[in-house]
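Heads up, the thing below is written out as structure tokens.
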Amino acid sequence: MLDKKYDFKEKEIKWMDYWQENKIYEFKPDQREVYSIDTPPPTVNGKIHIGHIFSYSQAEMIARYKRLRGMNVFYPFGFDDNGLPSERLVEKEQGKKAHEIGREEFSKLCYDTTTKYEEEFKKLFRRAGFSADITNAYKTVSPSSTKISQLSFIELAEKGACYHKESPALWCNECLTSIAQAELETKTIKTLFNYLNYETTDGETFTIATTRPELIPAIVCVFVNPEDEKHKHLIGKTAHIPVIDEEVPILADDKVAIDKGTGVVMCCTFGDQTDIEWWKKYNLPLKNIFTEDGRIVDSVKNYGGLKIKEARAKIIEDFKEAGYLVKQEELEHEVQTHERCGKEVEYTVMKQWFIDIMNHKKDFIEIGNQIKWYPDHMHIRYNEWVENIMWDWCISRQRYFGVPFPVWYCKNCGKVVLARKEDLPVNPLTDKAPIDKCECGCTEFIPEKDIMDTWQTSSITPLINMKYGEKDNYEEMLKPMSLRCNAHDIIRTWDFYSIVKSFYNFGEKPWENVMISGFVMANKGEKISKSKNNSKMEPFELLETYGADIVRYWAGSGKLGTDIVFNDETFLRGKKLINKIWNVSKFIEMHLADYQDKEFNDFEYVDKWIIGKFEEMEKGFIKYLDNYEMGLALNHLEKFFWNFCDNYIEIVKHRLYRPEEFGDTPRYSGQKTVYMLLYKLLQDFSIFFPFITEEIYQELYKDKASIHLTEIKELTYDFKDEVKNGDAMVDIISQARGEKSNNNLSLKTPIKNLVISVSDALADAINKSIKDFKATLFIDNLEINNSSDNNYSIEKIELDLEEKE
RNA sequence: GGGCGUUUAGCUCAGUUGGUUAGAGCACUUGCCUUACAAGCAAGGGGUCAUAGGUUCGAGUCCUAUAACGCCCACCA
């Protein structure tokens, strides 16, 4: 028997454990078609927020849907625990920087810390009813992931897709590492635009404007536009820079914007992307004036040792004192910052490992074209990113915790020595190089101490999922995987890099479909951020307050790819829906006590109506889900469900209660209908509400170990006429109820006499369901007239007013 | 500056390929304890579908332009 009230706190724990104990979601290859999901391994940075629930739930619903469609769902789970987020977390918890702790000790701390937080994540996902196999989650720093990551790297190196080269790269002097373009975040800051006077060696004064005067010691030349009437005569002359007392050439380049600043620009190596371009184009000298941790190098006179911002202030002070500062303007502009720490990035020249992006943009676009993107416009975003990318992918990081490069260098000639594939995983810092002697005769090898970009590993989750390179692998089964799902913020990283890797490792697309979800916003246009602390609710708190089913109702609402604002009303709506599902199930259970399921086709008219309505609804429901629109599918289902409760149940209840009046067969027809439709409704709802549907299923049906192992079988009735006339009948019932309502009467008030005018077809329908119709409205006498057209109307209604007292 | 998305009832949003009086929930109004549910039920008020043009027998839906808001990217001199 179903409880009077549904207690989610008790039931959700119960089923959570049941699913785990009975391995309901375990993947075993069999005859069925495999549907595989490549879900993002969350970054373990200690902070679980509502966005995790939102985006992961949507993918989870697809897993449940595909399972219900009879597919063998491969839905693994993992954690991305290497890289900067973990390191920053540990540094924060320890109150010390990595280099102060020491490499080995620090890496161990990272491993332990991420493992600890992973347990929190696992708890959360289990609690939210996730059907992934979370107990067997992979870690991106585990030996097996490291092995696959290194193997993928070596394959790329062998194919010439990655190279080791001294080249300018983006540098974060907070995190002390190089980073990739995809890790940049634009920020608007207020700064000063400084107008400074320089002179040519023949004595002419000209003005340049700069926001970064601290770069002046790195100046290598001055540029003007060759079309600039005001300045073009300067071309070829030599500029004297006051204060630092240096001389540099004045060159021409048409990339200089005449109307920006003063139209004269200094080129420093390096202040920005354009400086790098000019440096390469004109073969300019290199002046690296910043230390790795964001200070001016000691060799710079007067400014050596100062932090960047200190140097900025001091140099302006010096220009002012010397009389070369013309003016300062306040300026708001965009700067590139490192997304992990928010600090402005610099450029540096170091030997780094890069993966070739620029030569294969067309291939990456082509693979993008072979993948179906949901929603479609996210594909455009991907293309935009690929078309606009300017750098090869720098994958070396001067950090500690992560996958080591399987690489040594010959001490004498510098030749790169790659690990042997059979030796993987390796750590060159502790393992020996695979050869004793280099071609050059040298026997000493220097280990690479950089580690790989975290995306270098997380971008190969398809390979990790298929146990790439292992003996019993899933390579054939998972190539390509069915679905990749993530939020739109990591299209340019996770999705893009995965495509890059898949292109190089396999020469084909990594997945058939990509599903992109939106973001949870704190308010309209305001992202949830830790610093603002504007997240309205914490995930565990929400799950405690509402239960997983209702949280999932919220997460599954809305259109795919659309950002969502946290909204109490949606929770309330979900709560009501859950409550209704419970109550109607109780009602149905009550009337199934003597029910025996058997073949039956003698359905009452009204029963055919609701069965037909269901069939119609389920077609749309399936169509939405096939397009990964679970929110719209849920909406559609919900709409049917309320109609089922408020109209159909209200009609059929009289027949169910009083067989002596309606007959046993008509009652059985009603029983069969509710038995069949509730089963199907529970299945459909189980995608969104795995807990309550399981509870009801186990009480009422239980033909499998779990509702989540059942299969949706579409109905094949054809009740089109019944649907049409039934809808009209319900409309007449509603009109008659309106009469009662308008007279402030109970719906139980009898109707002494009802005269309606309807078409032949509708009259036939009402006559076929005359008992149901009269019982629903408490009609004593009914008169049906023929209407000349297809319209229907109530001609006369007499209410029994005496009943009121 | 380039691209994308959004704009429908007071609020939050649906509206599948253009087809009769534009829908839901919340809020509001008026009733109803009706043998599943008062966390409920019934009925009702409320919208010139951002604006301006265009295509069409017919436009919330298609096309063009404009505006506001949001997102991604570029712009750091």
Side-chain angles (χ1 to χ4, degrees), chain A residues 2 4-6 181 184 186 189 191 193-194 208-212 215 222-224 255-257 260-268 271-275 278 331 333-336 344 375-385 387-390 488-489 491-492 518-519 521 524-527 557-559 561-565 567-570 572-591 620 623-624 627 629 631-632 635-636 638-639 642 645-646 649-650 653-654 657-658 733-749 778:
Chain A
L2 295 174
K4 188 161 169 41
K5 293 262 174 191
Y6 176 68
Q181 189 183 347
L184 295 176
T186 341
I189 60 155
T191 186
F193 210 17
N194 305 284
I208 66 123
T210 177
T211 56
R212 302 206 50 193
L215 280 163
V222 169
F223 280 104
V224 298
K255 224 193 155 183
V256 179
K260 213 172 205 176
T262 61
V264 186
V265 52
M266 60 176 190
C267 173
C268 309
D272 65 15
Q273 185 71 31
T274 319
D275 287 346
W278 282 331
L331 179 74
H333 72 163
E334 310 275 304
V335 292
Q336 302 281 27
E344 288 169 52
D376 198 45
H377 67 257
M378 294 298 179
H379 184 193
I380 299 170
R381 262 203 204 195
Y382 169 79
N383 285 341
E384 279 283 303
W385 172 256
E387 276 157 18
N388 290 325
I389 196 160
M390 294 179 302
H488 55 61
D489 59 329
I491 292 174
R492 67 180 191 177
F519 243 67
M521 310 296 271
K524 216 168 191 176
E526 187 192 340
K527 281 184 185 169
S557 64
K559 225 194 311 201
T562 307
D563 291 344
I564 189 174
V565 175
N567 185 344
D568 293 332
E569 279 168 20
T570 311
L572 177 66
R573 191 172 166 172
K575 200 169 164 183
K576 287 185 170 188
L577 176 58
I578 292 284
N579 192 243
K580 198 75 177 175
I581 291 173
W582 186 253
N583 282 316
V584 81
S585 299
K586 261 174 25 190
F587 174 82
I588 289 171
E589 182 190 34
M590 219 164 90
H591 294 281
K623 195 173 156 194
Y624 280 130
N627 284 305
E629 288 285 4
L632 303 186
N635 229 310
H636 193 64
E638 197 180 342
K639 197 175 164 188
W642 286 99
C645 293
D646 295 339
I649 294 291
E650 285 306 316
K653 72 197 310 181
H654 303 278
Y657 273 119
R658 303 195 296 276
I733 289 172
S734 174
Q735 285 179 31
R737 281 173 175 168
E739 274 307 308
K740 297 184 186 182
S741 243
N742 292 339
N743 287 293
N744 295 348
L745 293 168
S746 154
L747 293 179
K748 266 169 77 181
T749 310
F778 301 90

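Residue numbering restarts at 1 for every chain, and letters A, B, ... go by the order of the sequence lines. Being a predicted model, the structure only gives us computed values, none of them experimental.
- Between B/rU16, B/rA74, B/rA14, one nucleotide has an atom nearer to the side chain of A/Q181 than all others, and that is B/rA74.
- Across all strands shown, B/rU20 remains unpaired; no Watson-Crick or G-U wobble contact has both distances below 3.5 Å.
- One side chain, A/K586 or A/N583, offers a donor N or O that lies under 3.5 Å from an acceptor on the other.
- Nucleotide B/rG46 forms no Watson-Crick or G-U wobble pair with any nucleotide shown, as no partner meets the under 3.5 Å limit on both distances.
- Closest contact between the side chain of A/V335 and the listed nucleotides B/rC76, B/rA42, B/rU35 involves B/rC76.
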Look for any protein N or O under 3.5 Å of an N or O in nucleotides 18-21 of chain B and output each such pair with its distance, or none.
none

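- When both distances must be under 3.5 Å, the Watson-Crick or G-U wobble mate of B/rG40 is B/rC32.
- Closest to the side chain of A/E569, from the set B/rA14, B/rC75, B/rC26, is B/rC26.
- Of all nucleotides present, only B/rC63 satisfies the Watson-Crick or G-U wobble test against B/rG53, with each distance under 3.5 Å.
- The listed nucleotides are B/rG15, B/rA74, B/rU35; the one nearest the side chain of A/R658 is B/rU35.
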Mind listing the N/O atom pairs, protein and nucleotides 38-41 of chain B, below 3.5 Å?
residue: B/rA39; atom: O2'; partner: A/N579; partner atom: OD1; Å: 3.0
residue: B/rG40; atom: OP2; partner: A/K576; partner atom: NZ; Å: 3.4
residue: B/rG40; atom: O3'; partner: A/K580; partner atom: NZ; Å: 3.1
residue: B/rC41; atom: OP1; partner: A/K580; partner atom: NZ; Å: 2.9
residue: B/rC41; atom: OP1; partner: A/D646; partner atom: OD1; Å: 3.2

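- Dashed line: the shortest gap from a side-chain N or O of A/Q273 to OP1 or OP2 of B/rA74 is not under 4.0 Å.
- Comparing B/rU16 with B/rU61, their P atoms are spaced 11 Å from each other, to the whole Å.
- Between B/rA14 and B/rU8, the two C1' atoms lie 10 Å apart (nearest whole Å).
- A 3.5 Å limit on both hydrogen-bonding distances identifies B/rG10 as the Watson-Crick or G-U partner of B/rC26.
- The side chain of A/S734 lies closest to B/rA43 when the candidates are B/rC76, B/rU34, B/rA43.
- Distance from the side chain of A/K623 is smallest to B/rU16 among B/rG3, B/rC75, B/rU16.
- Among the atoms of the strands shown, none is found under 4.0 Å from any heavy atom of A/K740.
- With hydrogens and angles left out, the side chain of A/E334 and the base of B/rC75 share a donor-acceptor pair within 3.5 Å.
- The distance from atom CZ of A/R381 to atom P of B/rG2 is 18 Å, rounded to the nearest whole Å.
- A distance-only check finds a donor-acceptor pair linking the side chain of A/E589 to the backbone of A/L2 [under 3.5 Å].
- Taking the P atom of each, B/rA27 and B/rU51 are spaced 29 Å apart, rounded to whole Å.
- Considering only side-chain atoms of A/K559, the nucleotide from B/rG15, B/rU30, B/rG5 that sits closest is B/rG15.
- Judged by Watson-Crick or G-U wobble contacts below 3.5 Å, the nucleotide B/rC71 has B/rG3 as its partner.
- Between B/rC72 and B/rC63, the two P atoms lie 26 Å apart (nearest whole Å).
- Set against B/rA14, B/rU30, B/rC76, the side chain of A/H333 has B/rC76 as its closest nucleotide.
- The aromatic rings of A/H488 and A/F519 sit parallel to each other, their planes meeting at less than 30°, with 60° as the upper class boundary.
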